[in-house]
Amino acid sequence: MTGDPILPEQFDELTAAMADLTGALEAEPGEAEILGAVCAEAVRAIPGADLASITAIRDGEPETAASTDERAVEIDRFQYAAGEGPCLRAAETGEVVRLPLATAGATWPEFTARALELGVGSYLAAPLRVDEHLSGALNLFGYGGHGFAETDSRLLELYTTVVSFGLRTTRRYHRARQRATELEAAMRSRAVIEQAKGILMAVHRISADDAMKLLVTESQRTNVKLRDIATRFVEDLSSAESPG
C-alpha cells in the first residue's frame, strides 16, 4: 500500500479529531487530561489503531504519560525494561516506526512475543517533540496483523505535527500566565511593603532604610515573611483607625 493516496474521508476524520482536540485544549485541562485526549483522538483519526499511548522521556528515562488502555501501558513497560522497542526507537531517532509485530521478532523478539500475548499484531509510532520538557513518541497499536499502511504513517505524522504545535503553544501560554501571576503578586508585595515603610517613617520620623530594617528585624524575630509582616502591620493600623 506504499504510495496510496490519503482518501478524503481520512482527512475528514483527522480534521474532526484535531478540531475536538483543539476544543479540549481551549478548556485548559491539566497535562494528563491533555495527553489523554491526544491518545483518544489519535485512535479515532488513524485507521487500524485500537490502542494508543504516549511515551515521555523525562531526565533520560521513559515513562508512559497517557494511554487509552492498560494493555498499551503494559507493552510500553516491557519495552522500557528491555531498553529497546519501537516507541524508544521513534523517540530516539525522530523517525516513524511502522511494522506488523509478526515480522518484528528478529529485531525485538521479547517485545514482539509480549505484544502478541496481549493481542496486538501491528505497531505504529511517531516521534512527539514539544519542547525541552516534553519529548518522546505517540504509539499506536492494532489488533490485526496489517502492520498499518504508508498512508497511516503520513496521517500520524501530520497529526503529531499539529499536536506538537498545539501543546507547545499551550505550554508557553500557561508559563506566560504563571509569570504574569507571579509578577502581579510581587508588585502587590512591593506595594504593601512600601506602604508599611511609609507609615513607619511618618510615625517614627526615620529614614526609609531604618524603616526597612524595622520590618526585616520583625520578620526575622517572628519567622514570618516580610510581605506578611508588612500586610499585618498595615491591616492592624487600618483597623485601629477605623471608627467604632
| Does one side chain, of D228 or T231, offer a donor that lies under 3.5 Å from an acceptor on the other? |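 Not at all, the side chains of D228 and T231 share no donor-acceptor pair under 3.5 Å.
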| field | Distance-only polar pair, side chains of Y143 and R71, donor-acceptor under 3.5 Å | value | yes
Would you name the heavy atoms of [X] and [Y] that are closest together and state the gap between them?
X	Y	answer
L128	L138	CB-N, 4.1 Å
T68	A40	CG2-N, 3.8 Å
I206	L214	CD1-CD1, 3.6 Å
A90	P127	O-CB, 3.5 Å
W108	G85	NE1-N, 3.5 Å
F141	F148	C-CZ, 4.1 Å

| Is there a side-chain contact (heavy atoms from CB on, under 4.5 Å) between E194 and R190 once you walk through the steps? | CA-CA 6 Å; E194 290 299 319; R190 178 76 179 181; 3.5 Å; yes
Donor-acceptor under 3.5 Å ([X] side chain, [Y] main chain):
X	Y	result
Q79	C87	yes
Y159	V38	yes
T64	A66	no
S207	D210	yes
D76	V73	no

Salt-bridge criterion met for [X] and [Y] (N-O under 4.0 Å):
X	Y	answer
E92	R89	no
E218	R232	no
R114	E110	no

| request: Might you work through the side-chain contact (heavy atoms from CB on, under 4.5 Å) test for L124 and V97, ending with a clear yes or no? | output: CA-CA 6 Å; L124 179 63; V97 175; over 6 Å; no
| I229 and side-chain contact (heavy atoms from CB on, under 4.5 Å): which partner among V192, I193, V224? | V224
| Qualifying residue for side-chain contact (heavy atoms from CB on, under 4.5 Å) with T160, from L158, L156, V162 |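 Running side-chain contact (heavy atoms from CB on, under 4.5 Å) over L158, L156, V162 with T160 returns exactly one hit, L156.
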Should [X] and [Y] be regarded as members of a common hydrophobic cluster, given that ILVMFWY residues are connected when their side-chain heavy atoms come within less than 4.5 Å of each other, either directly or indirectly?
X	Y	value
L118	Y123	yes
L99	L88	no
L51	V43	no

| Greater than 12 external heavy atoms within 6.0 Å of E157's CD | yes
